[in-house]
Amino acid sequence: MKAGVIGILEGALEEAKKAGLISTVEIPAIVLDKPKKEEFGDFSTNIAMLLAPLEKKKPRDIANAVAEKVAAYPDVEKCEVAGPGFINIFLKRTFWLKALLDIAGKGERFGQSEIGAGKKVQVEFVSANPTGPLHIGHGRGAAVGDALSRILRKAGFNVTREYYINDAGRQVFTLGESVRIRVEELKGKAIEFPPDHYKGEYVRDIAREYIEKYDDGGAGAPGYQEFGTSAMLEMIKKDLEDFRVGFDVWFSEKSLDDSGKVAETIQDLKDKGHIYEAEGAVWFRTTDFGDDKDRVLVKADGERTYFASDIAYHRDKMERGFDALVNIWGADHHGYEGRIRALLRALGHDDSALKIIFIQLVALLRKGVPVPMGKREGEFVTLRQVMDEVGTDACRFFFLMRRPDAQLDFDLELAKSQAPENPVYYVQYCHARIKSIIGFASEKGINVPERFDEKLLSRLEEKEESEIIKHLGAFEELVERSALAMEPHRITFYLMELAGLFHPYYNKTRVVTDDPELTAARLLLCRAVATVVANGLALLGVSAPDKM
RNA sequence: GCGCCUGUAGCUCAGUGGAUAGAGCAUCGGCCUCCGAAGCCGAGGGUCGGAGGUUCAAAUCCUCUCAGGCGCGCCA
């Protein structure tokens, strides 16, 4: 919708230029606003005020000249100049009705665009260590990463979702040890459990499973570490599956090491002169590329650091030819950003290809009272627990109700309440309600018309109806902007607004009436709302139920 | 001490440099003989943490400052 108006404006500016009213060659980018007040029109632009200093003329004079040209376009009802020099454009109702025709024609494809132009984007998210179950914070990252991937795809990007498995190094070793100790314990040995090991109940479960399968100690028995890691990974995969989060690639840290890529990367940096040795360790001079301090790649004891794997991983990512990389990290990792950017630049890449989204903490509440968390106490709340309690739909929706970098209060009781204050149901109810209306009409032998035109739709004369239609028409641009800004929460807010327009309309206006033409037009409008709600919820990975 | 994030209504939060800053919840008062009341209508509520600066125009950009969170390992 908006693109069309920008076209009109560009045309008008060109005409003004030809008529000698404007002399500036480089016209600033056109910004179209949706004014807050309807007296300011459907769209408003500040272009005259931006041109004023360049033209050395009064903004209002320029605005008047442009407005006159704009007003001549057939889709334009009128065009006014207001305030310091805003150009306010009022469009004809028929212009908006095109959105309804569009939605009816495209159905679930409505909202799709080509703005991504098939660019390859990798979204790496969750990437939790396979040493314990996913907790609530991972869940938020999973919801954001998954929704973002869906939105990017809708906007025409070629998306790869990837999970980086930290299956090498200290932590998985400790997991293996934890399993071993529990196995021996279960067999009756009294062993003091080391405090820095994983003491969650799930480790006992894994130990029990191990004893059941391999206690005979057959030749094929895997090591504790290997067994524990794969058991944890299976559990994580199952959690994610039930959370409706899928991945295209599961990338193993261990495989990087095995294939020699870590050593290769260090050598590469050495060849480029970014490596030095000091105090028995091998350092990467990241300070040459904006980092706070240099970083160790190989410790004095000969062991590689986690960062050594990470540089190999990000080098590998770049070599796979992505146009953009998105990393979704917990906010506690933001200290890592500098060194990863340093790496990309050291390798000669443009680090602006990398976008890191930091996920802030989730504060779990129950009726407003904080639920205690803390990994050390072994009483951290898992994604599984929350999912089971409030359901996947509510859980995902709540995670996507806030900007990722803002802390989130998640109230369990609110999320599962079937009361009106629960926003998940507010949106889903809108969809179910419309399906019910369409069902009611069809029982009376009235169906959503197969064939229709602008004349039929022009029966939608209520103010609420045009507001809804305008909002529907903004959906495509919303998806684009949400994709480009990489902000899934915009979709959530849009849907709450759309439902907030529809419910009052429904309460006030009868859809199924004695007037067949009016009924047909309103059924079409309703179905369009349902389509957009369903499409929007699909981007969030939340279901759009026909009945609730 | 240094770095990053966040300060907007009682609470939780929206708000690509634009016009009189919005929504939900909470509070109070109303609406089901009629397409789904998981809904609707109405009311009250603000020094956009603070101070300077840039601009025709600042919640938005810059500087300083205050408050909260997080990070500053040869841990991952």
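All figures in this text were calculated on a predicted structure; none of them were measured in a lab. Here is how names work: the chains are called A, B, and so on, in the same order as the sequence lines, proteins then strands, and each is numbered from 1.
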Any A:Tyr426 side-chain N or O less than 4.0 Å from OP1/OP2 of B:C40: yes

Side-chain-base donor-acceptor pair under 3.5 Å for A:Ser44 and B:A19: yes

Members of residues 512-529 of chain A that approach RNA chain B, where some heavy atom sits under 4.0 Å away: A:Val512

Sidechain-backbone polar pair: A:Asp546 side chain, A:Lys435 backbone, donor-acceptor under 3.5 Å: no

Pair A:Phe86 + A:Phe40: ring centers closer than 6.0 Å: no

Nearest-Å distance once atom C1' is located in both B:G15 and B:G53: 24 Å

Sugar-phosphate only, base, or nothing, as touched by A:Tyr306 at under 4.0 Å among non-hydrogen atoms: base

Touch class at under 4.0 angstrom, heavy-atom based, for A:Ser436 against every strand present: base

Conformer about C1'-N of B:C32 - syn within 90° of 0, anti elsewhere: syn

Each stem that RNA chain B is part of, given as range with range (3 or more consecutive Watson-Crick or G-U pairs, under 3.5 Å): B:1-7 with B:66-72, B:10-13 with B:22-25, B:27-31 with B:39-43, B:49-53 with B:61-65

hbond_proxy A:Asn88 side chain to B:A19 base (donor-acceptor, 3.5 Å cutoff): yes

Sugar-phosphate, base or nothing in reach of A:Val31, heavy atoms under 4.0 Å: base

Residue whose closest nucleotide on RNA chain B lies nearer the 5' end, A:Gly83 versus A:Arg170: A:Gly83

Nearest-neighbour nucleotide for the A:Met49 side chain, B:G18, B:C34, B:C13 considered: B:G18

P spacing across the pair B:G3 / B:U65, given as an integer number of angstrom: 10 Å

Within 6.0 Å of CG in A:Asp514, more than 12 heavy atoms from elsewhere: no

Any A:Lys37 side-chain nitrogen or oxygen under 4.0 Å from OP1 or OP2 of B:U20: no

A:Phe410/A:Phe399 aromatic ring centres below 6.0 Å: yes

Within the 6.0 Å centroid threshold, strictly below: A:Phe475 and A:Tyr494: yes

A:Arg396 NZ/CZ over A:Phe398 ring centroid, <6.0 Å and within 45° of normal: no

Non-hydrogen side-chain atoms of A:Thr382 and A:His135 separated by less than 4.5 Å: no

A:Phe86 aromatic ring stacked with six-membered ring of B:A19, 5.5 Å and 30°: yes

Sugar-phosphate, base or nothing in reach of A:Asp33, heavy atoms under 4.0 Å: base

A:Cys79 vs A:Asn88 side-chain heavy atoms within contact, under 4.5 Å: no

Separation of the C1' atoms in B:C72 and B:C13, to the nearest angstrom: 30 Å

Residue A:Arg403, side-chain heavy atoms: nucleotide from B:G15, B:U16, B:C13 that is nearest: B:G15

Nearest listed nucleotide, side chain of A:Phe440, among B:C35, B:A38, B:C74: B:C35

Residue-phosphate contact under 4.0 Å: A:Arg490 side-chain N/O, B:G15 OP1/OP2: no

Nearest listed nucleotide, side chain of A:Lys547, among B:G18, B:C74, B:G36: B:G36

Side-chain (A:Arg341) to main-chain (A:Ser352) donor-acceptor, under 3.5 angstrom: no

Heavy-atom check, side chain of A:Arg459 versus side chain of A:Asp515, under 4.5 Å: yes

Gap in Å between the two P atoms, one belonging to B:G22 and one to B:U6, rounded: 23 Å

Ring center gap for A:Phe125 and A:Tyr163 short of 6.0 angstrom: no

Check: A:Ile22 and A:Glu55 side chains under 4.5 Å, non-hydrogen atoms: yes

A:Tyr429 ring over B:G36 six-membered base ring, under 5.5 Å and 30°: no

Residue A:Phe173 excluded, over 12 heavy atoms near CZ under 6.0 Å: no

Sugar-phosphate, base or nothing in reach of A:Ile357, heavy atoms under 4.0 Å: nothing

Which nucleotide in B:A38, B:C74, B:U12 has an atom nearest any side-chain atom of A:Ala281: B:C74

Touch class at under 4.0 angstrom, heavy-atom based, for A:Ser442 against every strand present: nothing

Selected nucleotide, minimal atom distance to A:Trp283 side chain, candidates B:A76, B:C74, B:U12: B:C74

Which nucleotide in B:G18, B:A38, B:C74 has an atom nearest any side-chain atom of A:Pro84: B:G18

Phosphate OP1/OP2 of B:C75: any A:Lys299 side-chain N/O under 4.0 Å: yes

Same-atom distance (C1') from B:G17 to B:U60, integer angstrom: 7 Å

From A:Lys463, A:Glu467, A:Glu465, A:Glu462, residue fulfilling side-chain hydrogen bond (donor to acceptor under 3.5 Å, both in side chains) relative to A:Tyr505: A:Glu465

P atoms of B:U8 and B:C48, separation to the nearest Å: 11 Å

Polar atoms only, N or O, under 3.5 Å: list the protein pairs with nucleotides 66-72 of chain B and their distances.
| unit_1 | atom_1 | unit_2 | atom_2 | d |
| --- | --- | --- | --- | --- |
| B:G69 | O2' | A:Gln407 | NE2 | 3.3 |
| B:C72 | O3' | A:Lys293 | NZ | 3.2 |
| B:C72 | O2' | A:Lys293 | NZ | 3.0 |

Touch class at under 4.0 angstrom, heavy-atom based, for A:Glu279 against every strand present: base

Side chain of A:Tyr506 - closest among B:A37, B:C40, B:A14: B:A37

Touch class at under 4.0 angstrom, heavy-atom based, for A:Asp546 against every strand present: base

Nucleotide nearest A:Arg433 when distance is taken to its side chain, options B:C74, B:G36, B:C5: B:G36

Sugar-phosphate only, base, or nothing, as touched by A:Ala432 at under 4.0 Å among non-hydrogen atoms: base

Neighbour count above 12 (heavy atom, 6.0 Å) for A:Lys299 NZ: yes

Distance, P atom - from B:A38 to B:A19, rounded to whole angstrom: 38 Å

Pairwise C1' distance for B:C62 and B:A43, with rounding to whole Å: 42 Å

5' priority, RNA chain B, between A:Tyr505 and A:Glu487 [closest heavy atom]: A:Glu487

